[in-house]
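What follows is one structure encoded as structure tokens, with my remarks underneath.
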Amino acid sequence: MNANSLIEDLKARGLIAQMTNEEELVEHLAQGPVTLYCGFDPTADSLHLGHLVPLLMLKRFQDAGHRPIALVGGATGLIGDPSFKDQERQLNSEDVVRQWSDCLKAQISRFIDFSGEDGAVLANNYDWTANVDVLSFLRDIGKHFTVNKMIAKESVKQRIERDGSGLSFTEFTYQILQSYDFQQLNSLYNCTLQIGGSDQWGNIVGGIELTRRVNGAHAHALTLPLITKSDGTKFGKTEGGAVWLEAAKTSPYAFYQFWLQTPDADVYRFMKFFTFLPVEQIDAIEAEDRKREGRPQGQQVLAEEMTRLVHGEDALQAARRITEALFSGDLSSLSADDYAQLQLDGLPSSAVPAELSETPLTTLLVEAGMANSGKQVKDALQRNAVIVNDTACGMEQNMSAAELFSAANARFGKYFLVKLGKKKHHLFYLAD
RNA sequence: GGUGGGGUUCCCGAGUGGCCAAAGGGAUCAGACUGUAAAUCUGACGCGCAAGCUUCGGUGGUUCGAAUCCACCUCCCACCA
């Protein structure tokens, strides 16, 4: 893919929010492989969906022949980025941040190819920040920043002007640190492009300026749009919170389901953002869906692409098997092996407690993690929305757990598939 | 250090002595309708199957009774020094 078509493709996908001079950037990219970077601060032990777009963007550039640097913010993660945050954040301990940094490194490696001499680079800004002493920092770096400009940045303006919040000097300094990263990466790797979410524009531009002043080098910026949902709610959240890229935190099945439930109004847009399918193909799918009656195929395609990309082919197949079994409506067709497979595939499951005579269903299902409180289960019971092996249960069965979960009622003498509402499933099994 | 304003259930935000587990909105969950979509309508929404239990920054007090009054403490914000 040549430089122009890369940018053209990104535009067609709606993946570009802002760029520094487009012509210059296109020309720069055309002149040969460019080294670019994107930073990921360790704010948790896993990346989540919000990180995926920039991460994949690095991959898009790599696929187009450029060299990405994935920067883990071992240093910046200790400070906290105030950009567009309405509150000061809690500082995390160094140990925790270091641990999280390692987690992120492992994840990032799954998406980008770091092998080979010209392969991608995995960097950590802790390496060039930790040993800078205060005086050098203030004299060599701080001198290039005017507070006037720093305050004027849109990303911190709210915090400075708004009543009821403040901005600590610590967080205020963040933009200098990030600028320093860019300048360092420019020196170390001749990195000339930084990408990031559109909220990073201010920080990136700061880095461009510092790079010019200190290194005399010309650098570029490209930001990605914030992913929004058509209904205005926040993208990437489910009942359980963020959708993580780590299988242990968000199972491939849950991940697959998340994408499958994408609203029609968002699905084609998301396909352009998140998948590597050509834009024409996505447009074709959309056109086809428009013509067909009933259920569109977009969500299916999106869910498969994403699950395969993040968790791999095997995990995708497992997620599909579970989905097939649970939503086809016919549980009687499942064999004993199928039940065992569901469990292996990652359907949430737990053993039936030995003594149930005193345990209401509400408690049992809450303990299994199917609901947050007994009230929710009660609500479902009152509407006959709790189904144990195809038997709908009402409030009057609440104290009948022992009977419902008896060996006599178990499938293959062992399994109980419990459904709460339409979408929550849990496999109970009798312990041997 | 001074003065003033504020801290209410996941979030926003009413509530100034009983009728308050606490208005309203948002988020969320369930039901109907559908396509595991959206929109709409219905219900739930501190905890508990229930009896009942625990909340309104903290502690102590006044009172038959406090989120509401008093004292002290604490945190946040604004202005002043």
Side-chain angles (χ1 to χ4, degrees), chain A residues 85-90 158-168 228-243 253-271 285-286 288-304 307 319-331 347 356-367 369-387 392-404 417-426:
Chain A
K85 301 277 186 326
D86 52 9
Q87 266 189 332
E88 182 83 12
R89 287 193 289 172
Q90 194 84 45
Q158 187 192 1
R159 282 277 286 282
I160 289 172
E161 289 177 357
R162 187 184 147 181
D163 283 2
S165 70
L167 174 65
S168 69
T228 55
K229 288 213 309 184
S230 51
D231 63 4
T233 57
K234 214 169 177 188
F235 167 77
K237 292 272 193 262
T238 61
E239 191 197 347
V243 177
Y253 164 68
F255 189 82
Y256 179 81
Q257 285 287 323
F258 169 82
W259 291 106
L260 203 59
Q261 288 167 40
T262 305
D264 291 4
D266 296 320
V267 68
Y268 310 103
R269 211 160 43 92
F270 286 0
M271 266 195 259
I285 292 171
E286 182 173 5
E288 214 177 295
D289 279 347
R290 227 188 276 281
K291 275 186 270 173
R292 76 163 62 187
E293 295 280 314
R295 193 175 183 169
Q297 60 178 324
Q299 282 84 349
Q300 174 90 22
V301 174
L302 179 63
E304 290 187 8
T307 310
R320 289 188 55 172
R321 279 196 295 274
I322 298 176
T323 297
E324 182 68 24
L326 300 183
F327 291 93
S328 67
D330 184 16
L331 296 177
L347 177 67
L356 281 175
S357 57
E358 296 292 314
T359 312
L361 283 180
T362 47
T363 305
L364 183 66
L365 301 196
V366 168
E367 280 175 358
M370 292 190 77
N372 294 323
S373 72
K375 279 272 165 61
Q376 285 182 13
V377 179
K378 184 182 163 189
D379 182 43
L381 281 171
Q382 280 165 346
R383 288 159 179 269
N384 285 314
V386 173
I387 295 167
C393 301
M395 209 42 209
E396 64 280 5
Q397 261 105 16
N398 192 31
M399 295 310 294
S400 313
E403 190 189 324
L404 284 164
L417 199 50
V418 178
K419 202 169 141 182
L420 191 161
K422 278 182 217 156
K423 296 173 194 168
K424 288 179 202 158
H425 300 81
H426 194 94

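Residue numbering restarts at 1 for every chain, and letters A, B, ... go by the order of the sequence lines. Quick note: numbers below take in every heavy atom, side chains included, and nothing from hydrogens, waters or symmetry partners.
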Taking C-beta and beyond as the side chain, do [X] and [Y] meet within less than 4.5 Å on heavy atoms?
X: A:Gln297; Y: A:Ile285; value: yes
X: A:Tyr268; Y: A:Pro296; value: yes
X: A:Val267; Y: A:Met271; value: yes
X: A:Val377; Y: A:Thr363; value: no

Whole Å only: how far is the [atom1] atom of [X] from the [atom2] atom of [N]?
X: A:Tyr253; N: B:rU36; atom1: OH; atom2: C1'; answer: 9 Å
X: A:Asn372; N: B:rU28; atom1: CG; atom2: P; answer: 13 Å
X: A:Arg269; N: B:rA38; atom1: CZ; atom2: C1'; answer: 14 Å
X: A:Gln382; N: B:rC29; atom1: CD; atom2: C1'; answer: 13 Å
X: A:Lys229; N: B:rA38; atom1: NZ; atom2: P; answer: 8 Å
X: A:Gln257; N: B:rA37; atom1: CD; atom2: P; answer: 10 Å
X: A:Phe270; N: B:rA37; atom1: CZ; atom2: P; answer: 16 Å
X: A:Glu367; N: B:rG48; atom1: CD; atom2: P; answer: 11 Å

Next on the checklist: Show every salt bridge (Lys or Arg N to Asp or Glu O under 4.0 Å) that has at least one partner inside residues 357-367 of chain A, sequence neighbours left out.
Outcome noted: none
Throw together a table of side-chain donor-acceptor distances under 3.5 angstrom for residues 397-404 of chain A, partners on residues two or more places apart or in other chains.
{"residue": "A:Gln397", "atom": "OE1", "partner": "A:Gly394", "partner atom": "N", "Å": "2.8"}
{"residue": "A:Asn398", "atom": "OD1", "partner": "A:Leu361", "partner atom": "N", "Å": "3.0"}
{"residue": "A:Asn398", "atom": "OD1", "partner": "A:Thr362", "partner atom": "N", "Å": "3.2"}

Checklist outcome for this item: Comparing nearest nucleotides in RNA chain B, the 5'-proximal residue of the pair A:Gly374, A:Gly294 is A:Gly294
Checklist entry - 5'-most contact on RNA chain B: A:Met395 or A:Arg295, nearest heavy atom basis? => result A:Arg295
Whole-Å [atom1] distance, [N] and [M]:
N: B:rC11; M: B:rG17; atom1: C1'; value: 29 Å
N: B:rU42; M: B:rC70; atom1: C1'; value: 47 Å
N: B:rU63; M: B:rC12; atom1: P; value: 36 Å
N: B:rG6; M: B:rA51; atom1: P; value: 39 Å
N: B:rC19; M: B:rC56; atom1: P; value: 16 Å
N: B:rA22; M: B:rU3; atom1: C1'; value: 33 Å
N: B:rG46; M: B:rG25; atom1: P; value: 15 Å
N: B:rU8; M: B:rA67; atom1: P; value: 15 Å

Checklist entry - For A:Asp379 and A:Lys375, what are the C-alpha separation, side-chain angles and deciding distance, and is it a salt bridge (Lys or Arg N to Asp or Glu O under 4.0 Å)? => result CA-CA 6 Å; A:Asp379 182 43; A:Lys375 279 272 165 61; over 6 Å; no
Checklist entry - What is the distance from atom OG1 of A:Thr307 to atom CZ of A:Arg320, rounded to the nearest 0.5 Å? => result 10.0 Å
Checklist outcome for this item: Rounded to the nearest 0.5 angstrom, the CG-CG distance for A:Leu260 and A:Leu302 is 9.0 Å
Next on the checklist: Taking salt bridge (Lys or Arg N to Asp or Glu O under 4.0 Å) as the definition, give me every residue that meets it alongside A:Asp264, ordered by chain and number, with sequence neighbours left out.
Outcome noted: none
With sequence neighbours left out, what residues match [X] under side chain to side chain donor-acceptor pair (under 3.5 Å)?
X: A:Gln261; result: A:Gln257
X: A:Arg290; result: A:Glu286
X: A:Ser168; result: A:Glu88
X: A:Lys423; result: none

Checklist entry - Looking at the rings of A:His425 and A:Tyr253, which for Trp means the six-membered one, are their centres under 6.0 Å apart? => result no
Checklist entry - For the residue pair A:Trp259 and A:Phe235, does the interplanar ring angle fall in the parallel (under 30°), tilted (30 to 60°) or perpendicular (over 60°) class? => result tilted
Identify the pairs formed between an N or O of the protein and an N or O of nucleotides 39-41 of chain B at a distance under 3.5 Å, and give each distance.
none

Item to check | Pair A:Met370-A:Val418, side chain to side chain contact (heavy atoms under 4.5 Å, CB included): steps then yes or no | outcome: CA-CA 9 Å; A:Met370 292 190 77; A:Val418 178; 3.9 Å; yes
Item to check | Per A:Asp264 side chain, nearest of listed nucleotides B:rU36, B:rC47, B:rA37 | outcome: B:rA37
Next on the checklist: Please pick, from B:rU36, B:rA38, B:rG48, the nucleotide with the shortest atom-to-atom distance to any side-chain atom of A:Gln261.
Outcome noted: B:rU36
Which pairs, protein N/O on one side and nucleotides 30-32 of chain B N/O on the other, fall under 3.5 Å?
{"residue": "B:rG31", "atom": "O4'", "partner": "A:Arg383", "partner atom": "NH1", "Å": "3.2"}

Checklist entry - For RNA chain B, what string of dots and brackets results from 5' to 3' when Watson-Crick and G-U pairs need both distances under 3.5 Å, crossing pairs get [ ], and pairs with another strand get |? => result (((((((..(((.....[.....))).(((((.......))))).((....))...(((((..]....)))))))))))).
Next on the checklist: Across nucleotides 51-56 of chain B, 5' to 3', mark each nucleotide with B, S or - according to how protein heavy atoms within less than 4.0 Å reach it.
Outcome noted: ------
Item to check | Stepwise side chain to side chain contact (heavy atoms under 4.5 Å, CB included) test for A:Leu381 and A:Cys393 | outcome: CA-CA 6 Å; A:Leu381 281 171; A:Cys393 301; 4.0 Å; yes
Anything under 3.5 Å between a protein N or O and an N or O of nucleotides 8-12 of chain B, put it in a table, one pair a line.
none

Checklist entry - With sugar-phosphate meaning primed atoms plus P, OP1 and OP2, does A:Thr363 contact a base, only sugar-phosphate, or nothing at under 4.0 Å between heavy atoms? => result sugar-phosphate
